[in-house]
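This report refers to the structure that appears directly beneath it.
A, B, ... follow the sequence lines: proteins, then strands. Residue 1 opens every chain. None of the values given here were measured: they were computed from a predicted structure.
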Amino acid sequence: MQVNDSKNFEPVIAAFCCNWCSYAGADLSGTNRLSYPTNVKIIRVPCSCRVNPMFILRAFQRGADGVIICGCHPGDCHYTSGNYFTRRRITLLYSMLDFLGIERNRTRLEWVSAAEGAKFASVMEQFTEDVRKLGPNRRLEDLRCRKK
Amino acid sequence: MNRIGVFVCHCGTNIASTVDVKAVAEALSHERGVVISQDYQYMCSESGQNLVKNAIKEHNLTGVVICSCSPRMHENTFRKACSEAGLNPYLVEIANIREQCSWIHKDITTATEKAVILGRTAIAKVTLNTPLTSMESPVVKRALVIGGGIAGIQSALDIAEAGFEVDIVEKEPTIGGKMAQIDKTFPTLDCAACILTPKMVEASQNENINIYSFSEVSDVKGFVGNFTVKIKRKARYVDETKCTGCGLCTEKCPMKKVPNEFNAGLDNRTAIYIPFAQAVPKIATIDPNYCMMLKNGKCGVCSKVCTAGAVDYKQKDEFIEKKYGAIVVATGYNPISPEKFDEYAYSQCPDVVTSLELERLMNAAGPNGGTLLRPSDKKHPEKIVFIQCVGSRCDDDRGKPYCSKICCMYTAKHAMLIREKYPDTEVYVFYIDVRTPGKNFDEFYRRAVEQYNVHYIKGMVGKVTPKANGKIEVQGSDMLADEQLRIDADLVVLAMAIEPDKSARPLATMLTTQMDTNDFFTEAHPKLRPVESATAGIFLSGVCQGPKDIPETVAQASAAAAKAIGLLCKNSITCNPCVAHSDELMCNGCSACEKVCPYGAITYENKEFRMPDRTVAVRRVASVNPAVCQGCGACTVACPSGAMDLNGFSNSQIMAEVDAICK
Amino acid sequence: MQEKMKQRAKELLADGTVNRVMGWKKGEFGYDTTPAVFRSAEEIDKYFVCDDFTNSNLSKLLVKESKKDGVILAFLKPCDTYSFNQLLKEHRIDREKVYIIGIPGGPKLDAEIIKSKGITGITGVKNVNYTLVIDTIYGEEKMPFYEAVSVKCKSCKSKKHVIYDELIGDDGDILESDRFDEVEKLENMTSRERFDFWQRELSKCIRCNACKNVCPACTCEKCVFDNPKSGIENKAVSDSFEEKLFHIIRAFHVAGRCTDCGECSRVCPQNIPLHLLNRKFIKDINSLYGEYQAGADLDTKNPLTDYSTDDCEPSIVHERGVE
Amino acid sequence: MLKISLDRLDDFFARVASEQSLYMPVDREDGQAEFRKWTEGSKLSQRLNTVRSAKDFFFPQTENLVDFKIQGKNIEVLDTREECEDFAVFGVRACDARSFSILDKVFLCEPVDSYYKNRREHGVIISLSCTRPAETCFCTVFGIDPVEPEGDISCSTDGKSMFFKVNTPKGEEFVKKFADVFEDGDPAQLEKMKEFSRNVFKKLPLANLSTDSFGGDKMMKLFNSPKWAELSEACIGCGTCTFICPTCQCYDIRDFKTNDGVKRFRCWDSCMYSEFTKMAHGNPRVSQLERFRQRFMHKLVYFPSNNDGEFGCVGCGRCLTKCPSSINIVKVMKALEVEE
């Protein structure tokens with residue numbers, strides 16, 4: 001059972017993008033005028049391995065309904081190995097969130113290269129839709145930060 | 001107190017057509033800390049930049065937010081502009097309202113809303129920005145080349161030509177490496193020695209090059225531009241400064257039963273030896289494992305015959321320490337041992353040889369003076385079978401998963417040379433695939449098949465059995481004809497896979513560079529930075545990075561040299577200030593950060609701390625070398641206490657951005 | 001056993017091998033033992049105890065003790081040696097300053113379990129052939145030994161000492177344990193059920209920090225939760241989000257380092273099954289990145305500071321089991 | 001004397017709960033008890049005590065003090081205080097019942113803590129006498145009679161009925177409000193039971209613990225005792241003892257930044273924590289020894305010194321059960337007493 005608090009629910013999506021691949025991929029999707037929902041707001045990080053689980057939880061606390069992390073494809077990391085660490089950390093974190101009963105589709109990790117503007121747009125489109133279906137984040141929210 | 005200036009760019013109509021820039025500027029002007037918020041047609045234009053510069057001066061700004069195109073586009077432009085106006089360039093943040101807003105959204109209302117949020121996010125971050133200064137680190141104008149094969153020699157020569165001092169460290173008594181052992185080279189069939197030895201001589205004569213032969217790197221400290229390397233000069237029991245290389249000692253030495261490595265163990269040398277005639281440096285070396293004087297104190301012949309008085313039985317290993325700005329790794333390769341491949345009967349039959357052994361058998365300076373004879377009975381082989389991919393493209397742990405790349409070509413070379421010199425000899429080659437990409441390579445292979453009638457058989461050899469009559473039965477399958485073959489050969493040649501030299505892994509640890517699972521050094525980027533390691537100042541030359549033939553090796557050696565020269569040309573390196581730093585008071589010294597650092601930028605030291613109870617405690621704490629750190633941030637997440645943080649992308653900055661976005 | 005330990009401790013004190021002994025001290029009611037440092041044979045004779053209730057893990061205390069002058073003798077149970085090794089691996093303990101005597105492990109008992117059976121007024125507990133004879137002010141009570149075994153000993157992973165200078169008693173083996181059964185049970189629930197389960201459990205948290213302060217993997221000079229600069233510092237749970245944040249981040253910080261000693265659950269005054277969070281990480285690490293036991297040795301890389309190029313993608317989480 | 005027969009007790013609870021919030025100890029799945037709001041089907045716990053004490057009702061772990069609403073460059077202060085609704089807490093043991101008088105001394109003296117006072121004025125304490133104490137109980141040491149607990153109303157049972165004794169005007173009002181549920185009963189049997197219970201208390205292992213060595217006048221001698229080092233050695237510096245203690249009353253005031261402003265709240269703090277009383281210059285209590293000493297000195301010396309000899313401990317025994325290292329006030333008292 002999904003709870004939809006309002007019909008016009010617009011999810012807040014925080015997207016962490018690595019500077020070298022995914023942020024550039026997002027730029028490319030802009031250059032090519034490939035639209036994706038305004039719900040997605042990007043935070044630039046040097047590498048996906050900079051994303052601390054604290055940031056992800058913080059986003060949910062502060063009202064995000066979905067968090068997505070994007071990095072270079074495995075093997076293509078600008079810093080050679082960063083995204084491999086990301087992959088392990090985020091897999092374990094997501095598994096833990098799932099274990100605690102947080103909806104799986106609120107979190108995602110995607111590899112988007114600087115050339116994949118179209119992929120970036122479609123990934124964001126899809127993710128926003130998935131989160132929209134889930135409804136507002138209630139299981140991992142901080143009531144003090146709930147929007148009135 | 002923050003005094004932030006916000007500058008919203010129209011980018012002509014690029015932004016302004018879908019984002020109400022005036023509304024964005026107005027909305028952001030109410031944010032805390034914002035003292036001026038303006039919009040302008042083209043913020044990146046000179047007049048736009050002047051607008052920013054004037055505002056900085058007029059309002060004494062402590063931070064600047066530019067709402068414009070991607071920071072990948074103009075971040076540097078605005079940083080420079082701010083810097084010119086006296087504001088630290090790292091107090092600038094860009095809100096990307098073009099690529100990530102106006103260009104992808106169509107509805108002005110929602111696009112404007114989003115632009116405001118992106119602007120707020122940048123404001124939230126910039127309030128936490130701190131001024132950063134790029135550090136300058138001096139460069140020692142000397143390079144170290146580790147390995148004196150063709151790769152090392154080429155890199156050294158190129159660097160020396162550019163006017164920089166180079167040291168070559170070679171673990172063998174002579175430079176030259178594998179190429180010195182090779183007879184002819186493909187696809188031109190010119191003599192390897194003829195093209196290599198002049199280079200060796202050139203290296204020894206170049207006044208910028210200093211060769212440490214019979215030496216090994218034992219420790220590396222420091223970082224790009226400033227490495228301190230400890231070199232172990234192994235005792236060769238001959239004074240290098242006195243030995244003239246006359247070779248008299250090697251003639252007189254009574255211990256003549258030492259397997260000769262240079263000839264792949266196919267013949268013997270003396271205990272005091274010079275590896276080969278054109279060795280560089282041409283200095284004798286005593287092999288302590290065989291020298292009777294060193295083993296039991298009886299003999300001393302070499303010392304007696306040496307007119308230069310160069311022999312010194314008391315010599316000890318020596319260590320020297322030198323500073324280098326750049327290091328080129330050229331540690332090369334070795335063929336793997338055929339021992340694990342029992343089915344090919346290498347250990348049972350002397351007439352089953354490896355390709356490198358065949359090179360020596362055919363070489364004029366080899367054990368047979370250049371006449372191809374079977375090792376067992378010194379007879380001329382009439383039927384020779386080559387077996388390809390022994391240990392290459394292998395899916396079990398006896399061999400290597402990769403293609404060794406050079407075997408197809410050198411086998412074609414061998415087959416052709418044999419057919420040329422001994423037309424009565426039949427040559428068979430069992431192969432999985434013949435891979436001949438390269439200039440004039442496929443033509444070369446086709447010549448072997450078409451012109452020299454070498455029998456290429458697509459298939460694997462199942463078993464090699466030495467027979468009583470001296471023949472060797474090779475059982476294999478011909479996959480194209482779909483039949484089993486039995487060939488009674490006189491000589492079987494195994495194209496062994498090649499692997500990185502065993503010294504590479506400990507070296508990689510010392511250099512804090514990365515290696516793949518096969519012990520090949522990992523390049524910084526497989527396509528765009530193929531000759532640099534991920535560790536700044538360490539360059540990769542030759543097969544240590546992956547299987548290569550000679551032309552490729554030389555090309556890469558020169559490329560590595562070019563990169564090293566590029567570094568050595570600088571007087572100092574400007575470091576990216578957005579690097580990690582550790583708060584010593586919080587650091588546990590647990591080593592988690594060090595383990596994830598791809599650059600080896602983190603070291604530990606024991607430091608004294610004054611504790612709250614006024615006692616002094618010694619704690620192990622991490623310190624980041626800002627000249628080596630590239631700012632990826634992997635360590636910041638590995639650190640459980642949060643002692644490690646990243647300049648420019650600090651925990652608090654990113655969290656402030658998260659807060660602003662999720663508001 | 002206890003007598004042998006006292007004997008050996010006194011010998012080592014006497015011959016100067018060590019100048020302090022770390023063990024446990026008797027309490028008021030025969031079940032409340034306290035970790036303690038003994039400095040003389042007299043103290044040992046008078047107070048030293050090692051019985052069914054000496055279940056606390058001494059490893060973490062050695063972080064502080066190994067910084068003091070002289071060598072300290074520590075009695076470590078098999079599970080404690082894993083914690084010790086892990087601390088050694090993280091450079092938190094000076095090995096030279098600790099003399100380890102490995103002692104047989106549990107199963108150790110938990111007085112809280114005895115009390116939860118309604119037995120109260122306890123003045124002494126005896127183990128008579130695996131029946132507990134409990135003296136109370138209301139008369140004698142009995143209960144089977146195994147019913148009072150503490151949670152951390154119920155699914156013991158190993159009876160083997162991974163580090164020691166000498167042993168008292170025999171060394172045991174690594175055991176096949178059912179320690180992941182409970183985790184699996186939760187995994188098989190629906191997402192909603194899991195959420196309700198943890199919401200109920202974690203809402204009991206009073207943020208006393210006992211789990212954190214007792215944990216041998218939590219030895220940070222300054223914990224992020226105590227550090228105003230970390231951005232997630234807090235002293236009390238003001239919202240159900242914060243209890244989740246605290247326990248997720250804590251489990252994440254000890255992931256790959258937690259030896260599963262079970263101290264967190266033992267000390268939790270609210271009986272929150274905190275060990276399940278850590279075990280979830282251990283189970284995931286084992287199944288996704290290969291078997292790994294923190295503290296088993298000094299060399300194997302922590303799976304979280306290591307990687308393989310063919311690791312699974314996080315989507316594996318989305319694909320498996322029940323949503 | 002007012003009574004309700006035990007089989008009608010649930011009706012009484014339902015009746016009270018229909019008019020106001022009623023809290024009482026109920027059993028939890030893990031075999032421990034906690035105070036919960038009464039709902040249909042709630043069963044009064046038979047356990048001696050709850051894990052958390054009853055102080056939560058008047059001094060909750062966290063509590064919002066004031067809000068600041070921030071809009072752009074404007075800040076607005078919002079008073080979030082509201083008049084508390086009437087509520088009753090049933091089943092408070094004698095130790096916890098006494099704790100309120102200790103907390104009152106702290107929070108109701110000038111300047112009065114209006115947040116605490118608000119709750120205190122609207123809460124009725126219905127205490128319950130003890131019949132089956134645990135080995136960890138030592139309330140009698142502090143002059144508490146567990147058979148005649150304090151509180152607005154005190155209850156005791158003779159096995160058949162629950163007897164209600166009204167102690168305060170607030171209790172009087174409560175009884176009046178629900179007068180219809182009470183009967184009149186003969187407490188003869190009850191008095192016998194009480195006598196029996198009193199004898200049980202005399203047999204408790206800690207019954208003879210002495211407070212003679214403590215009090216304000218022993219300050220310097222106790223403060224400088226060399227025993228503290230050894231006593232605090234095993235303290236892991238957690239806040240378990242503090243947070244389950246019915247009399248610990250230290251708190252911190254903090255700000256939480258919400259999306260549109262700041263919530264200022266207070267939360268329990270523990271003198272066992274390394275961050276406690278941290279000031280600009282650092283922390284005056286530099287090691288666990290000082291922190292540990294502070295907690296016990298406060299209960300046994302400073303508090304009585306400021307409050308006419310009343311100790312800051314009620315002998316509930318929670319810290320004896322819950323301390324991860326089994327160090328507690330009794331061990332401290334015994335150790336320091338030996339010295340005397």
Side-chain angles (χ1 to χ4, degrees), chain A residues 10 12-20 23-24 26-56 58-65 67 75-82 84-86 89 114 117 121 124 145 147, chain B residues 69-73 93-94 96 98-107 109-111 113-115 117-118 121 125 514 522-529 533-535 578 595-599 630-639 642 646 648-649 651 654-655 657-663:
Chain A
E10 283 301 334
V12 175
I13 311 264
F16 292 95
C17 291
C18 88
N19 182 43
W20 307 96
Y23 194 89
D27 277 356
L28 183 63
S29 101
T31 313
N32 293 341
R33 312 297 198 274
L34 299 167
S35 176
Y36 53 87
T38 43
N39 308 60
V40 177
K41 316 279 188 315
I42 294 171
I43 296 169
R44 186 165 68 126
V45 285
C47 174
S48 57
C49 70
R50 177 67 187 92
V51 180
N52 196 311
M54 277 176 359
F55 304 160
I56 299 167
R58 175 82 164 208
F60 283 123
Q61 176 185 29
R62 296 283 153 172
D65 300 295
V67 176
D76 291 346
C77 176
H78 177 79
Y79 305 99
T80 62
S81 53
Y84 290 125
F85 292 118
T86 310
R89 289 167 184 165
M124 292 305 156
C145 300
K147 287 171 203 91
Chain B
C69 54
S70 172
R72 296 169 55 83
M73 204 79 178
E93 285 298 327
I94 312 283
N96 185 344
R98 192 180 74 176
E99 281 85 345
Q100 293 174 9
C101 192
S102 72
W103 274 356
I104 49 168
H105 304 312
K106 297 197 173 61
D107 178 55
T109 323
T110 51
E113 267 171 36
K114 179 170 170 180
I117 294 176
L118 295 179
T121 307
K125 185 176 182 193
Q514 294 180 321
T522 308
E523 57 281 2
H525 190 284
K527 290 119 204 166
L528 303 176
R529 298 170 68 195
S533 81
T535 307
C578 294
K595 298 225 166 69
V596 298
C597 179
Y599 308 104
Q630 303 289 308
C632 69
C635 53
T636 59
V637 183
C639 177
L646 188 63
F649 294 94
N651 286 333
I654 296 177
M655 280 197 268
E657 288 183 274
V658 169
D659 290 0
I661 276 183
C662 299
K663 232 176 200 174

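- The two residues A:P37 and B:K114 come nearest to each other via the heavy atoms O-NZ, 4.5 Å.
- Contacts of B:I661 with chain A are made by both backbone and side-chain atoms, with heavy-atom separations under 4.5 Å.
- A:N19 has its side chain within reach of B:R72: a pair of non-hydrogen atoms, C-beta onward, lies under 4.5 Å apart.
- Contacts of A:V51 with chain B are made by backbone atoms alone, with heavy-atom separations under 4.5 Å and no side-chain atom involved.
- Taking all atoms of both residues into account, the shortest heavy-atom contact from A:A64 to B:C662 is CB-SG, 3.6 Å.
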Could you walk me through whether B:K527 and A:D76 pass side-chain contact (heavy atoms from CB on, under 4.5 Å), step by step?
CA-CA 9 Å; B:K527 290 119 204 166; A:D76 291 346; 3.8 Å; yes
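- In this structure, A:L28 CG and B:S70 OG are separated by 11.0 Å, a value rounded to the nearest 0.5 Å.
- Looking only at side-chain heavy atoms (C-beta outward), B:V596 and A:R89 come within less than 4.5 Å of each other.
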Stepwise side-chain contact (heavy atoms from CB on, under 4.5 Å) test for A:I43 and B:V658:
CA-CA 8 Å; A:I43 296 169; B:V658 169; 3.6 Å; yes
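- When heavy atoms are compared at a cutoff of 4.5 Å, B:A524 approaches chain A solely by way of its backbone atoms N, CA, C and O.
- Contact count against chain B (heavy-atom pairs under 4.5 Å) is highest for A:R50 among A:R44, A:K41, A:R50.
- With chain A as the partner, the residue from B:C578, B:P598, B:S102 showing the most heavy-atom pairs under 4.5 Å is B:P598.
- In plain terms, the two heavy atoms of B:C632 and A:Y79 that are nearest each other are CB-CG, 3.2 Å.
- Interface summary for chain B: among A:A24, A:G82, A:A14, the most heavy-atom pairs under 4.5 angstrom belong to A:A24.
- For A:I42, the parts lying near chain B are the backbone and the side chain together; criterion is any non-hydrogen pair under 4.5 Å.
- When B:G631, B:A111, B:A634, B:C101 are compared by the number of non-hydrogen pairs under 4.5 Å with chain A, B:A634 comes out ahead.
- Residues passing the side chain to side chain donor-acceptor pair (under 3.5 Å) test with B:N96, sequence neighbours excluded: A:Y23, A:D27.
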Would you please test A:T80 and B:Q630 for side-chain contact (heavy atoms from CB on, under 4.5 Å) and show each step?
CA-CA 11 Å; A:T80 62; B:Q630 303 289 308; over 6 Å; no
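- A:V45 touches chain B through backbone and side chain together, each having a heavy atom under 4.5 Å away.
- Interface remark: B:E113 contributes no atoms to any contact with chain A (heavy atom separation under 4.5 Å).
- Under the side-chain hydrogen bond (donor to acceptor under 3.5 Å, both in side chains) criterion, the residue pairs touching residues 29-40 of chain A are A:E10-A:N39, with sequence neighbours excluded.
- Between B:V637 and A:P53, the shortest heavy-atom distance links the atoms CG1-CD, 3.7 Å.
- Neither the backbone nor the side chain of B:D107 comes within less than 4.5 Å of any heavy atom in chain A.
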